[in-house]
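Just so you know, ligand 1 is whichever comes first in the structure, and atom 1 is the first atom listed for that ligand. All values reported here derive from a predicted model rather than from experimental measurement.
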Amino acid sequence: MPDDGPSGDSARFGKALELVQGRTNRPLFEMWFQGLSLVGRDEKSLIIGTPNRFICRWLEEADPKSLLKACIQQAFGEDLPFTLKALPRKNATTTSATETAVSQASGAEPGASESAPPKAPDPKPDAVIRSSSRQAAKVSRSLNEPVAAQGLDPDSSVQLNPSYHFKNFIIGTCNQIAHAAGQAISQSPGKAYNPLFVHGGVGLGKTHLLQAICSELLKRPGSARILYLSCEDFVNQFIEAVEQRKLDSFRYCYRHLDVLVIDDIHFLADKERTQEEFFHTFNTLYNSQKQIVLSADSPPHEIPTLEDRLMSRFKWGLVCRLDPPEYETRVAILRAKARSRGCELPDDVTDYIATNVRSNVREIEGALTRLLVMADYSNKKELDLPFTEAALADSIQGSQRPVDFNDIIQVVCEEFQVRQSDLQSRKRTQAISRPRQLCIFLARRLTGLTLEEIGGHLGGRDHSTVLYSFEKIDRETHRKEDTRRLIDELTERVQKRKTVE
Ligand code: ADP
Ligand code: MG
């Protein structure tokens with residue numbers, strides 16, 4: 001047995017971890033292996049410290065154990081047995097990103113061990129937890145740890161926003177069902193509605209609601225493993241796992257969760273292999289009564305190229321829509337957002353914004369921010385209506401009336417010299433069907449209308465016909481420069497019509 005002192009062993013152990021890193025994917029490595037340290041060695045074996053019992057238990061399983069064993073053998077030049085020992089925090093030599101995340105996922109507090117019973121940290125609800133493509137299952141259990149202490153990757157692409165709680169979510173008729181369903185799930189995950197599928201246009205609160213569910217779940221005692229991530233991250237991780245031939249680890253991460261929350265699931269459109277993978281993840285979790293929560297920009301049947309079997313599964317639980325907020329909700333949102341920034345808006349100012357900024361909550365927030373920045377900049381202490389009108393003039397003019405289907409019809413009819421009644425007729429000649437398909441594509445892109453509503457405007461066509469047309473043009477825009485240019489030009493004309501009126 002080579003024996004060049006403890007530092008040599010440490011270096012060899014470091015080498016062993018590097019070998020593990022080369023044979024696993026990054027998220028898996030960060031989650032399970034990165035926090036290991038060599039804490040002792042006798043003649044016959046190594047003692048390896050793990051940040052907590054959960055990791056210790058996992059490493060005792062056959063696959064991870066044999067991987068670690070093989071890498072140790074290679075690095076130390078001999079087949080050394082080892083024992084794993086969960087360390088109290090002060091002894092752990094490495095603080096890994098997963099120490100907090102996974103230990104809390106297991107219900108144990110960070111640094112928990114047999115010898116040091118966990119002590120609950122003070123709640124710090126402002127803390128942020130994250131998940132990103134490079135940190136696959138950043139399975140997080142608690143908001144109790146400040147970000148820095150979690151040592152998470154600073155370039156994570158998704159994080160739980162500390163203000164996305166239920167208490168900050170204003171309820172109106174536009175969102176009350178989704179809100180109630182979200183609350184029910186956060187009280188009894190896996191039992192209330194499964195899956196919960198929330199859909200709606202941009203800026204209507206999907207991400208806020210999904211994260212509120214996670215934050216609420218994290219407050220519960222127990223040991224639920226919760227993962228929140230964007231669908232884009234899911235897709236990227238899957239691609240990475242395929243490229244690196246690490247599908248087993250990928251599957252392990254995703255199929256051993258209690259709650260899986262994926263934002264913007266429409267990102268699965270056109271990604272056949274990821275859809276297939278997600279289908280199996282979904283089945284495994286669903287069959288074990290684990291909670292799944294999804295959001296998308298449209299209902300399941302309107303997500304282009306979504307496999308039927310996934311579409312039908314998405315409808316198994318509760319599908320609910322977030323609508324643009326109605327006037328009263330816009331007022332309530334404005335008041336709440338202003339108050340959270342330490343200001344009270346006069347009623348006529350609130351009314352002005354709520355009347356003119358209608359499309360979504362993000363725009364309402366944007367208008368408020370603009371107003372407050374301008375007031376600050378102009379040293380204006382008391383906000384009033386004339387100042388508000390002037391401050392928001394540019395943004396409100398023209399931008400607030402959403403594109404109307406008629407704008408599109410007019411532009412397309414003008415371009416192709418056809419009549420509106422032709423587009424609404426049953427005629428299928430190329431001269432008519434082409435402009436009709438373009439109308440459909442533009443309507444999907446520029447209005448908040450559903451496929452059914454678009455079909456309704458076009459002589460009562462059913463949603464699958466509308467979807468077919470949309471997908472046809474959508475494919476073309478990816479392949480043909482001409483089509484792309486035509487779409488850009490028509491879009492510009494539609495937008496112009498909207499602003500001049
Ligand atoms: P989406 O994911 O649907 O595009 P977000 O969840 O990102 O929308 O919401 C956009 C912004 O609007 C966020 O700042 C969010 O907090 C806010 N918001 C949306 N809905 C509400 C609501 N009902 N109450 C309070 N804020 C809301
Ligand atoms: Mg969102």
Side-chain angles (χ1 to χ4, degrees), residues 125-126 128 130-133 156-183 185-186 196-216 227-235 260-269 293-300 302-303 319-341 343 345 350 353-354 357-373 395 399-400 402 445 447-448 450:
D126 278 355
V128 176
R130 315 173 187 195
S131 165
S132 81
S133 52
S156 298
S157 59
V158 178
Q159 59 183 41
L160 277 196
N161 186 316
S163 62
Y164 287 2
H165 286 280
F166 281 122
K167 67 176 188 306
N168 301 330
F169 192 82
I170 307 293
I171 308 159
T173 37
C174 55
N175 57 25
Q176 60 192 6
I177 297 177
H179 174 267
Q183 283 213 310
I185 280 172
S186 59
L196 172 65
F197 189 101
V198 179
H199 68 94
V202 290
L204 294 182
K206 300 183 294 294
T207 299
H208 187 137
L209 197 61
L210 261 51
Q211 295 200 8
I213 295 173
C214 294
S215 298
E216 204 57 32
L227 176 60
Y228 167 89
L229 82 170
S230 71
C231 185
E232 190 176 356
D233 280 345
F234 182 83
V235 172
L260 175 61
V261 182
I262 300 195
D263 206 355
D264 294 330
I265 196 78
H266 53 263
F267 198 77
L268 279 185
V293 183
L294 306 168
S295 82
D297 63 357
S298 37
E302 288 188 13
I303 299 176
V319 175
C320 46
R321 193 169 76 188
L322 291 173
D323 286 315
E326 59 288 352
Y327 175 80
E328 293 77 6
T329 312
R330 295 199 294 275
V331 168
I333 288 173
L334 264 170
R335 289 203 176 124
K337 303 267 173 197
R339 217 167 289 136
S340 74
R341 296 174 196 197
C343 96
L345 298 178
T350 313
I353 304 176
V357 185
R358 298 154 165 263
S359 49
N360 67 56
V361 184
R362 193 172 291 145
E363 298 241 356
I364 295 173
E365 279 185 342
L368 178 66
T369 305
R370 222 168 301 130
L371 177 62
L372 297 183
V373 168
S395 49
S399 70
Q400 292 312 320
R445 275 272 175 93
T447 72
T450 63

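With rounding to the nearest 0.5 angstrom, the CG atom of L294 is 12.0 Å from the NE2 atom of H266. Rounding to the nearest 0.5 angstrom, the gap separating the CG atom in N175 from the OG1 atom in T173 is 8.0 Å. Once rounded to the nearest 0.5 Å, the distance linking OG of S298 with CD1 of I303 reads 5.0 Å. Here the straight-line distance linking atom OG1 of T350 with atom CZ of R335 works out to 5.5 Å at 0.5 Å rounding.
Listed for the Q211 side chain is a donor-acceptor partner under 3.5 Å among the backbone atoms of N161. Using modelled atom types, no side-chain atom of E216 and backbone atom of F166 make a donor-acceptor pair closer than 3.5 Å.
The side chain to side chain contact (heavy atoms under 4.5 Å, CB included) test with H199 is passed by exactly one of D297, L322, V319, T450: V319.
Inter-residue side-chain proximity for C174 and P325 is flagged as met; some heavy-atom pair is nearer than 4.5 Å. Looking only at side-chain heavy atoms (C-beta outward), C343 and L372 come within less than 4.5 Å of each other.
For a threshold of 3.5 Å applied to N or O pairs, the pair formed by V361 and ligand 1 contains no separation below that value. When only interatomic distances are considered, the shortest N/O to N/O separation between L204 and ligand 1 falls below 3.5 Å.
Of the protein's heavy atoms, E365 OE1, 3.5 Å lies nearest to atom 11 (C) of ligand 1. The protein heavy-atom contact nearest to atom 8 (O) of ligand 1 is G205 N, 3.1 Å. In terms of protein heavy atoms, atom 24 (N) of ligand 1 is closest to I170 N, 2.8 Å. Protein heavy atom at the shortest distance from atom 16 (O) of ligand 1 is H208 ND1, 2.6 Å. The nearest protein atom to atom 13 (C) of ligand 1, hydrogens excluded, is given as Y164 OH, 3.3 Å; this is a heavy-atom distance. Looking from atom 7 (O) of ligand 1 to the surrounding protein, the closest heavy atom is R362 NH2, 2.8 Å.
Ligand 1 places these atoms under 4.0 Å from at least one heavy atom of K337: 16 (O), 17 (C), 25 (C), 26 (N), 27 (C). Those atoms of ligand 1 with a heavy atom of G201 less than 4.0 angstrom away are 3 (O). Set against the non-hydrogen atoms of N175, the atoms of ligand 1 under 4.0 Å away are 23 (N). Close approach of ligand 1 to V202 (heavy-atom distance below 4.0 Å) involves ligand atoms 4 (O).
Residue H179 places every heavy atom at 4.0 Å or more from ligand 1. Contact analysis puts G203 in contact with ligand 1, with a non-hydrogen atom separation below 4.0 angstrom.
Ring pair F169/H208 is perpendicular by interplanar angle, where above 60° counts as perpendicular and below 30° as parallel.
Here the closest heavy-atom approach between residue S295 and residue K206 is recorded as CB-CB, 4.0 Å.
In this model, a donor atom of one side chain and an acceptor atom of the other lie less than 3.5 Å apart for T207 and D263.
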>> Working note: L268 + I262, criterion side chain to side chain contact (heavy atoms under 4.5 Å, CB included); need CA distance, chi angles, decisive distance, verdict.
In response: CA-CA 11 Å; L268 279 185; I262 300 195; over 6 Å; no
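Only protein atoms were considered; those of element N, O or S under 2.8 Å from the Mg ion (ligand 2) number 1.
Contacts between N168 and ligand 1, counted as non-hydrogen atom pairs separated by less than 4.0 Å, involve the backbone only.
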